[in-house]
Visitor: 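The structure under discussion is supplied below as structure tokens; questions concerning it will follow.
Quick note: numbers below take in every heavy atom, side chains included, and nothing from hydrogens, waters or symmetry partners. First the proteins, then the strands, lettered A, B, ... as listed; each starts at 1.
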Amino acid sequence: MSDLQLIFIGSSGLIVLITFSILFVVYYKQKQAEQKVAIQELKAEMQRQLLESSLEVQEVERRRIAKDLHDEVGAMLSMTKMSFNQLIKKLNTSAELTEQGKTTKEFLEESISQVRRISRELVPSTLEDFGLISAIDEFIQKIHIASGVLFIFNHEGIEDTQRFDKKIELTIYRIAQELVNNALKHAEAQEITLKLSAQARKLLFIFTDNGKGFDLEAVKKDPKSGLGLRNIESRLSVVNGTFTFKTSIGQGTHTKIEIPLPKNES
Amino acid sequence: MNGLMVFSTVSEVSILIPVAIILLRRKYLSTELRILAAYVVVTLIRNIFGVTSDILYFIEPGRNFHTLFYYNWHSIIGFYIIAFLYFSLIHHKYWKIFIIVAACIFTFFSILEIPSGSITDIRTAFFNNYTYTASSLLVLVIVLAYFYQLLQDLKVENITKFPYFWVSVGLLFYFGGNLFVNLFLIKAAKTTTQMSWGIINSALSILFHLTIFLAFWYSKSLNKTQQDE
């Protein structure tokens, strides 16, 4: 074996080692990229679970407050009203006192009615008992009576009694509440359209209003103003939902929400 | 002075590249890089004897200068320093035990060198019989274990700017190449001359010194990585 052959073989050995080093770097970077993706997925999942837990806690707390209001404050007010009725019978002597008594009674009745309303609004019992369609229907009817705003609710292809996953029902109901409140409070809308439809493996919810609209980019930049949109986004992330929001000044708003349905519901 | 000798001298002088960067980066050296710096210093001392011998040979051709003693001791001390370096870098318990066992095995091979006089006689004309091959083999296993650890941990943000990656690559080239030359070429091919071994060894030395240079060059990024962690 000549020196030249030996050097050639030696160089080949060196090339093998260099190749090993290059392959190591490539493989390392590949594994690192895979790890980054896995960590990001894990973080997103953790965030989703945290959000889900916080929403669950929120619902439990709402239920507790509603129960306390209804059972404790509501009952106490009813008892006060009954006691006051007894008292007012004995105040017949003075016309001035009778008038004052009537006014106080009206205040008491108003308070009882408000406590019941708040209690009902805190926990959508219709949603739990009769489902999403009935709950939205009840909600918009109440708003219509109170504000005079015209509502069009279309749920073609979904029966009144059809039920979906509890989390999905609550998400859509709370988002509908948020959007309707925004449309009344900020947009001064006169007509609101809600459309709910079940497509292949997904639930589609479209909300439009004829309010004054707003500058979406400006609202997104303002951390205080964009809170409602971020709430919607957070709620949707729990059920893997997505949404698109379109608006401009004087053009009202258009919100499209898509939520994938679990296999057994699609 | 022939071409091979010049190349060999250049490879020995090339240790000044890492020495220079050590001096420049001395403020940023971690404990492990200080251990590596100790290896560079030991190599520098060996090479001072080697280069001096080359110059003296150039002045007085035909006179025989004895430098093998320093090379033989360098291979022994160098192995312990590298083993200590990786003992600090590797955190897996079993691999740490392996390094201790490897050091013990190496000590046994070093003792075997005593009868030949290669490490006891300053005027020796013999290379160590076992320690070069043993150290190459053991260092390769340790370095591969460290590569495996890097892959398992995946903690290093940018591997190509990680000093210990370059140290390991250099050691892999140097000891892997030398092992290849020692085991498969010189031992197998009886016709091999000193020239082929000298060229390969010198080339590997230059490459090794360059990777050590890179290791110290990236010592700043190591500080950043440690802060991030």
Visitor: Which residues pass the salt bridge (charged side-chain N to carboxylate O under 4.0 Å, His left out) test with A:Lys67, not counting sequence neighbours?
Guide: A:Asp71

Visitor: For A:Phe214, which residues count as a side-chain contact (heavy atoms from CB on, under 4.5 Å) partner, sequence neighbours excluded?
Guide: A:Leu216, A:Val219, A:Phe245, A:Thr247, A:Thr253

Visitor: Counting heavy atoms not belonging to A:Tyr173, are there more than 12 under 6.0 Å from its OH?
Guide: yes

Visitor: Roughly how far, to the nearest 0.5 Å, is the CG atom of B:Leu171 from the CG atom of A:Leu17?
Guide: 12.0 Å

Visitor: Step by step, would you call A:Phe24 with B:Leu151 a side-chain contact (heavy atoms from CB on, under 4.5 Å)?
Guide: CA-CA 9 Å; A:Phe24 175 83; B:Leu151 275 176; 3.6 Å; yes

Visitor: So with a 6.0 Å cut-off around CD of A:Glu156, is the heavy-atom count from everything else above 12?
Guide: no

Visitor: Taking non-hydrogen atoms and a cut-off under 4.5 angstrom, which of residues 141-149 of chain B neighbour chain A?
Guide: B:Leu144, B:Phe147

Visitor: Would you name the heavy atoms of B:Phe165 and A:Ser21 that are closest together and state the gap between them?
Guide: CZ-O, 4.5 Å

Visitor: For A:Phe20, I'd like to know if atom CZ has over 12 heavy atoms of other residues, nucleotides or ligands within 6.0 Å.
Guide: yes

Visitor: Any idea which heavy atoms bring A:Tyr28 and B:Leu150 closest together, and the distance?
Guide: CE1-O, 3.2 Å

Visitor: Using a 6.0 Å cut-off, check whether atom NZ of B:Lys161 has over 12 heavy atoms from anything other than its own residue.
Guide: no

Visitor: Taking atom CD as the centre, does A:Glu159 end up with more than 12 heavy-atom neighbours from other residues, nucleotides or ligands that are less than 6.0 angstrom away?
Guide: no

Visitor: Would the number of heavy atoms belonging to other residues, nucleotides or ligands and lying under 6.0 Å from CD of A:Gln58 be above 12?
Guide: yes

Visitor: Pair B:Ile159, A:Gln32 - check side-chain contact (heavy atoms from CB on, under 4.5 Å), show working.
Guide: CA-CA 10 Å; B:Ile159 192 78; A:Gln32 211 171 24; 5.8 Å; no

Visitor: What is the minimum heavy-atom distance between B:Thr160 and A:Lys29, and which atoms define it?
Guide: OG1-NZ, 4.2 Å

Visitor: Among residues at least two apart in sequence or on other chains, which ones pass side chain to side chain donor-acceptor pair (under 3.5 Å) with B:Arg25?
Guide: none

